[in-house]
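Let me begin by presenting the structure, written as structure tokens, before commenting on it.
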Amino acid sequence: QVQLVESGGGLVQSGGSLRLSCAASGRTFSSYIMVWFRQAPGKEREFVAGIRWSDDSTAYADSVKGRSTISRDGAKNTVYLEMNSLKPEDTAVYYCAARRIGLLTTRVSDYTYWGQGTQVTVSS
């Protein structure tokens, strides 16, 4: 059974930075796609960034492109999301998700495994 555990959220001032971590366990992840979604109060869950474990190809939402970097550490089975120049509109619960093989997509329904989420709050 795949388990995903997020950490690294918190309260940060506008313009600040955070690095979120997603520790994965239960499988060999060489063929997995790992992504980050976020959900703000009253809004739908939206794609933030993703990485394909096999070739390190990445994708970003326009809202975070240029401010965020997704990366992975194979030895630790961990995916990171570094976010800079944070804005109040980045405030949300951030979720790590995964699927085995296939394309790096942005649809919530495409992902099989989910973490519990970590809260990010950006104050103005």
Side-chain angles (χ1 to χ4, degrees):
Q1 183 71 15
V2 172
Q3 290 189 322
L4 304 174
V5 179
E6 303 98 331
S7 61
L11 174 63
V12 63
Q13 288 188 334
S14 182
S17 299
L18 278 177
R19 188 177 78 158
L20 306 183
S21 300
C22 173
S25 62
R27 289 287 189 276
T28 300
F29 293 94
S30 57
S31 61
Y32 274 65
I33 292 93
M34 309 286 290
V35 297
W36 288 93
F37 284 84
R38 68 185 181 186
Q39 188 166 20
K43 295 188 176 181
E44 292 187 352
R45 196 166 295 190
E46 63 176 4
F47 173 81
V48 178
I51 186 166
R52 193 159 60 184
W53 205 274
S54 60
D55 61 6
D56 285 333
S57 59
T58 59
Y60 297 90
D62 288 343
S63 58
V64 303
K65 196 174 294 183
R67 302 189 293 123
S68 298
T69 302
I70 189 169
S71 61
R72 67 171 183 87
D73 183 331
K76 297 181 179 180
N77 276 352
T78 299
V79 173
Y80 303 99
L81 179 66
E82 183 166 351
M83 299 187 294
N84 303 305
S85 303
L86 283 163
K87 307 173 183 180
E89 50 264 44
D90 293 317
T91 295
V93 177
Y94 284 70
Y95 296 92
C96 178
R99 62 180 293 189
R100 191 176 67 88
I101 66 175
L103 299 176
L104 199 173
T105 63
T106 63
R107 291 187 297 268
V108 171
S109 59
D110 286 342
Y111 292 88
T112 308
Y113 306 103
W114 290 84
Q116 294 293 98
T118 185
Q119 176 71 47
V120 171
T121 303
V122 184
S123 63
S124 57

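Position 1 is the first residue of the sequence; numbering continues from there.
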* Mind checking whether Gln119 and Thr91 have side chains closer than 4.5 Å, heavy atoms only? -> yes
Which value, rounded to the nearest 0.5 Å, describes the distance between [X] atom [atom1] and [Y] atom [atom2]?
X: Arg99; Y: Ser109; atom1: CZ; atom2: OG; result: 9.0 Å
X: Lys65; Y: Thr58; atom1: NZ; atom2: OG1; result: 9.5 Å
X: Arg19; Y: Ser7; atom1: CZ; atom2: OG; result: 9.0 Å
X: Ile33; Y: Leu103; atom1: CD1; atom2: CG; result: 7.5 Å
X: Ser17; Y: Arg67; atom1: OG; atom2: CZ; result: 10.0 Å
X: Glu44; Y: Gln39; atom1: CD; atom2: CD; result: 8.5 Å

* Asked: With ILVMFWY side chains joined below 4.5 Å, transitively, what does Ile70's cluster contain besides itself?
  ->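 Same cluster as Ile70: Val2, Leu4, Val12, Leu18, Leu20, Phe29, Tyr32, Met34, Trp36, Val48, Ile51, Trp53, Tyr60, Val64, Val79, Leu81, Met83, Leu86, Tyr94, Tyr113, Val120, Val122.
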Nearest atoms (heavy-atom pairs only) where [X] meets [Y]:
X: Leu11; Y: Ser123; answer: CD1-CB, 4.3 Å
X: Ser124; Y: Pro88; answer: CB-CG, 3.8 Å
X: Glu6; Y: Cys96; answer: OE2-N, 2.8 Å
X: Asp73; Y: Tyr80; answer: CB-CE1, 3.8 Å

* If you draw a 6.0 Å radius around CD in Glu46, do more than 12 non-hydrogen atoms from other residues or ligands fall strictly inside? -> yes
* Which class fits the ring pair Tyr111 and Phe37: parallel under 30°, tilted 30 to 60°, perpendicular over 60°? ->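 Plane angle over 60°, so perpendicular.
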* Are Asp90 and Lys87 within salt-bridge range, i.e. N to O under 4.0 Å? ->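 Here Asp90 does not pair with Lys87 in a salt bridge, since their nearest N and O are not under 4.0 Å apart.
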